[in-house]
Amino acid sequence: SGGTGALAQWVLVELQGEVEPRQSGALAGSLLGDLHYTCEGVPVLIVGHHILYGKVVQLEKPFAVLVKQGGAPQASPTEPHGHYTVTALIKTKLLFKTRPKPIITHVPKKV
Amino acid sequence: AAMRSRAEVDATLQTAKLNPAELLPVVHCLSFGPQAGSGECCLLQLEPGLCAELEAGRSLVIRGEKDEHAVLCSKDKTYDMKIADTSNMLLFVPACKTPEELNADLAPCNIIHSQIAGFSKNYWELRRCRPKLKKLRKLLMEDPYEGPDSQKDQPSTFSKYTTEDLLSLIQASEEEILHQLQVIDACKIEGYWRILDFDYEMKLLNHVIQLIDSESWPLSKVPLCACLEELGSLEPREMIEHILLSYGRKYVDDGEVFFEMLEDKICRAVAQMLLQNAVKFNLSEFEEVWQQSVPEGMTTRLDQLQGLALVDKSSRPETIFLLKVEDLPEDNQERFNSLFGIRQKWTEVDITPYIQDLCAEKQTVGALLTKYARCSMLNGVKVYNSRRPIS
């Protein structure tokens, strides 16, 4: 159902590939990276040893973020039955499609 | 883990050889929130209009039993739901500003810690579809109302359905359900939606027709009050009013309520009453009896029977039989299979009343025929038959 009061506006970040935690262990709490914008408004994402350049896209078809109610099994698209609440709307996405530029870190010389 | 500091962010920028002067002063440090991997959140792509509905505070509902494909319903529309896979990873981030928002910020900071709420490789896609209303009639036909004198109408083992019951069982929006209830002339009796048993319905209609005749009222001006007074001793007043509402157009004249009786609908009901008693009828005999059976002043026409009866012009003599579109399957392919099982070749004129209701928004009968049938010529007339062999 829709919310009482204004719906939150979230942002979608679209990345290529998989999201994996650096340390094997829970994803929760771990850092993804730093998101900057250039003065021209181009989003720049530093993830690990990569720099990703992207663009801000206004979505033609916005998304609603649904949260399954009642601690039921996972809200996957194959099992849509159940009660959901619309938590937020997404009208903007940051699309990172360019191949990441690796960051070459300076390797200190052995003394 | 401790939150990143601005100093750490700047160090990373330096390592990455990015010039801070070319960047906006604010950085978002993205991390995964506590529930990010739980899969509790998912994405639904919105069709035009749905976003505005949600922002206006209205609800969307997902409906469907375990054995049905789920549909999404707004207040007045129904949508099929389908999974769309992307090859990319979609992260949903609550506290994330766009460059415009940052530039408009009156009290800028230089670091924002944003927690990713969830992520997904797929989302639900919507496609507007016809509401699945056949089940509505099926549910109400479980226990048609046969009148107050009927033995059946005691606390029965059959289910009776309130509006809320129907909303949870039917894969359609509320408006579509309420509209369909009106179309099928359902009525609320003691809080439950009921459909009238056809024989009882005809009994009620007959009372009204006889009264119109004996009072010599014009068919276009039948007074509600007098009907209720004269017939109130025979049938419940609510039923008398219901039959007038079903078979007449209500209007007010000089403060009094009247009904203009609907010729086409009454002729159609009389035809159904006649046709349901046999497999088929001799057409000319039927037409004669039919005209004699309708109220004085009404004229019968075969086109009143579209979607109710079919004429077989190939038999000698020509015959007519009952074929109700509402008894046919709801699924497109199944409907066409069923129709081609009844008759191998159809003209467009004959088949149209039996496929009209399948048309999606902006779809034509022609488009349906192109998709589900094969066209050929028979004695100079264009006919349609099945694309596949009928077993």
Side-chain angles (χ1 to χ4, degrees), chain A residues 1-4 6-8 10-19 21 26-39 41 43-46 51 56 61-68 74-78 80-84 86-94 97 103 105-106, chain B residues 1 4 9 12-13 15-16 18 22-24 27-37 39-48 50-51 53-62 64 66 70 81 83 87-94 96 98-100 102 114 116-119 122-124:
Chain A
S1 59
T4 46
L7 276 173
W10 291 4
V11 164
L12 203 65
V13 173
E14 186 170 339
L15 301 173
Q16 282 183 329
E18 298 289 333
V19 163
L27 203 54
S30 62
L31 286 167
L32 175 71
D34 296 340
L35 172 68
H36 298 268
Y37 294 105
T38 67
C39 295
V44 183
L45 186 63
I46 305 177
I51 307 176
V56 178
K61 290 189 184 178
F63 284 99
V65 182
L66 303 185
V67 175
K68 196 153 190 177
Q74 290 209 1
S76 80
T78 50
H81 306 87
H83 292 280
Y84 298 86
V86 175
T87 292
L89 292 176
I90 298 177
K91 295 184 183 175
T92 309
K93 81 172 171 188
L94 305 180
K97 263 191 157 183
I103 299 168
T105 48
H106 171 67
Chain B
R4 269 172 85 67
V9 170
T12 303
L13 281 177
T15 312
L18 291 171
E22 290 171 1
L23 301 174
L24 296 182
V27 65
H28 289 85
C29 293
L30 302 178
S31 63
F32 288 92
Q35 297 299 315
E40 268 179 17
C41 276
C42 57
L43 292 177
L44 173 72
Q45 191 177 53
L46 300 172
E47 286 297 297
L50 290 179
C51 191
E53 280 204 45
L54 286 172
E55 287 177 305
R58 285 198 282 277
S59 301
L60 299 180
V61 184
I62 295 178
K66 287 277 183 273
M81 297 178 72
I83 311 161
S87 53
N88 293 338
M89 184 60 58
L90 306 170
L91 311 172
F92 346 133
V93 191
C96 183
T98 60
E100 284 77 30
L102 290 175
S114 305
I116 297 163
F119 58 89
N122 49 36
Y123 56 89
W124 280 323

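Below, read A as the first sequence line, B as the second, and so on, with proteins coming before strands; counting in each chain starts at 1. Values in this document were obtained by computation on a predicted structure and should not be read as measured data.
The contact between A/T38 and chain B is made by backbone and side chain atoms together, counting heavy-atom distances below 4.5 Å. Only the side chain of A/V56 comes within contact range of chain B, with heavy atoms under 4.5 Å apart. Contact of A/A64 with chain B is made through backbone and side chain together, with heavy-atom distances under 4.5 Å.
Remark: A/E14 pairs with A/K93 by the salt bridge (charged side-chain N to carboxylate O under 4.0 Å, His left out) rule, at least two apart or across chains. With sequence neighbours excluded, the residues that form a side chain to side chain donor-acceptor pair (under 3.5 Å) with B/T98 are B/E101.
Atom CD1 of B/I116 is separated from atom CG of B/L91 by 5.0 Å, given to the nearest 0.5 angstrom.
Interface summary for chain B: among A/L45, A/V44, A/L89, the most heavy-atom pairs under 4.5 angstrom belong to A/L89. Annotation: maximal heavy-atom pairing with chain A below 4.5 Å, among B/A36, B/G118, B/S114, B/P94, occurs at B/P94. Between chain A and the options B/E53, B/Q45, B/E100, the largest number of non-hydrogen pairs under 4.5 Å is found for B/Q45.
Taking every heavy atom of both residues into account, A/I46 and B/T12 meet most closely at CG2-CG2, 3.8 Å. B/R4 and B/V9 make their closest contact through NH2-CA, 3.6 Å (heavy atoms, listed as atom of the first residue, atom of the second, distance).
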